[in-house]
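None of the values given here were measured: they were computed from a predicted structure. Residue indices begin at 1 and follow the sequence shown.
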Amino acid sequence: MHGLLDELNYTFGQAIGMTFLEPKAFISLLIRFCLNFVVVALIARCFYYPQSRRRDYMFIFIIMAMSIFMLVSLMGGGAMKTGAALGLFAIFGIIRYRTEPIPIREMTYLFMLVAISVINAMGRAEYHRTADYWEGFGIVTLLFANIVFIVIAALFESSKLLNEHCSKYIKYDNVNLVHPEKREELKADLEKRTGLKIIAIEVGAIDFLRDCVMIRIFYDEEMDKGSTIQNLDHIPRQG
């Protein structure tokens, strides 16, 4: 079997400049691919999606992370991989969609999943016979790094750990109620209009020409926690 594989590798190498199969490299890639896919899909589906309900971003996270993994895994040279990884981080640090910027929560998840994919892609070890030592890190270290990311995502998506209130921006049409002494009237009117139990109110810019004021309300509503649309103060452009 080994002789046949060597013959196939030689034949393919001579014909197309590529070997047929490198068992050790393929098995290493397959194991790291499966590990990366499970971790990325787990974080995107079990931690991100239940809070945001954004299937489009979940799809982007998984496809982007796996694309980065394959790209870095199949690039030659450790220094080149490291430079490419840093370059990818720089690109994602300034990335913007054509219509709207990526919300900060989604940007953080994207950065984390790209980081996981780069770590998994570069997670291998090589034996140096002359010096008798292994360069790189093993499967236990790789598993530990992935578990750390999972635990962090689980902890900070837990409502028990972070009891954060939901917030919403409202363009309010009655500037007469923004006076500090009328704050309770303002709160009662907003609760009547929105149907929400408001915890706190922040008053922003006042437009006397249009007779409106920008107000931010804080409230508790499980369905809105993690939502990226609740903090928008305008309708996003389409297309």
> Same cluster for Val38 and Phe47 if Ile/Leu/Val/Met/Phe/Trp/Tyr side chains link at under 4.5 Å?
Replying inline: no

> Atom CE of Met66 and atom OG of Ser117: how far apart are they, to the nearest 0.5 Å?
Replying inline: 6.5 Å

> Under 4.5 Å between any side-chain heavy atoms of Tyr219 and Thr194, yes or no?
Replying inline: no

>> Are the side chains of Lys168 and Arg216 in contact, using a 4.5 Å heavy-atom criterion?
In response: no

> Considering residues at least two apart in sequence or located in another chain, which fulfil the salt bridge (charged side-chain N to carboxylate O under 4.0 Å, His left out) criterion with Arg55?
Replying inline: none

> Do Ile215 and Glu202 have side chains that get closer than 4.5 Å, going by heavy atoms?
Replying inline: no

>> If you define the side chain from C-beta out and look only at heavy atoms, does anything of Ile62 sit under 4.5 Å from Arg45?
In response: no

> At what distance, to the nearest 0.5 angstrom, does CD1 of Ile201 lie from CG of Leu190?
Replying inline: 5.0 Å

>> Can you tell me how the ring of Tyr48 sits relative to the ring of Tyr57, calling it parallel under 30°, perpendicular over 60° and tilted otherwise?
In response: perpendicular

>> Less than 4.5 Å apart, side chain to side chain, heavy atoms only: is that true for Phe69 and Leu29?
In response: yes

>> Within this structure, what is the CG-CG distance for the pair Leu177 and Leu186, rounded to the nearest 0.5 Å?
In response: 6.0 Å

>> Show the nearest heavy-atom pair for residues Ala65 and Asn36, with the distance to one decimal.
In response: O-ND2, 4.1 Å

> Any sub-3.5 Å donor-acceptor pair from Asp211's side-chain atoms to Asp207's backbone N or O?
Replying inline: no

> About how many Å separate CZ of Phe26 and CZ of Phe33, when rounded to the nearest 0.5 Å?
Replying inline: 10.5 Å

> If you round to the nearest 0.5 Å, how far is CZ of Phe149 from CZ of Phe144?
Replying inline: 10.5 Å

> So, do Leu35 and Arg32 sit near enough that their side-chain heavy atoms are less than 4.5 Å apart?
Replying inline: no

> Any side-chain heavy atom of Ile116 sitting closer than 4.5 Å to one from Leu113?
Replying inline: yes

> Under 6.0 Å from the CZ atom of Phe37, do we count more than 12 heavy atoms belonging to anything else shown?
Replying inline: no

> Going by the side-chain hydrogen bond (donor to acceptor under 3.5 Å, both in side chains) test, which pairs reach into residues 174-191, not counting sequence neighbours?
Replying inline: Tyr172-Asp189, Asp189-Arg193

> What is the minimum heavy-atom distance between Val213 and Gly204, and which atoms define it?
Replying inline: CG2-O, 4.0 Å

>> To the nearest 0.5 Å, what is the distance between CD1 on Ile217 and CD1 on Ile198?
In response: 4.5 Å

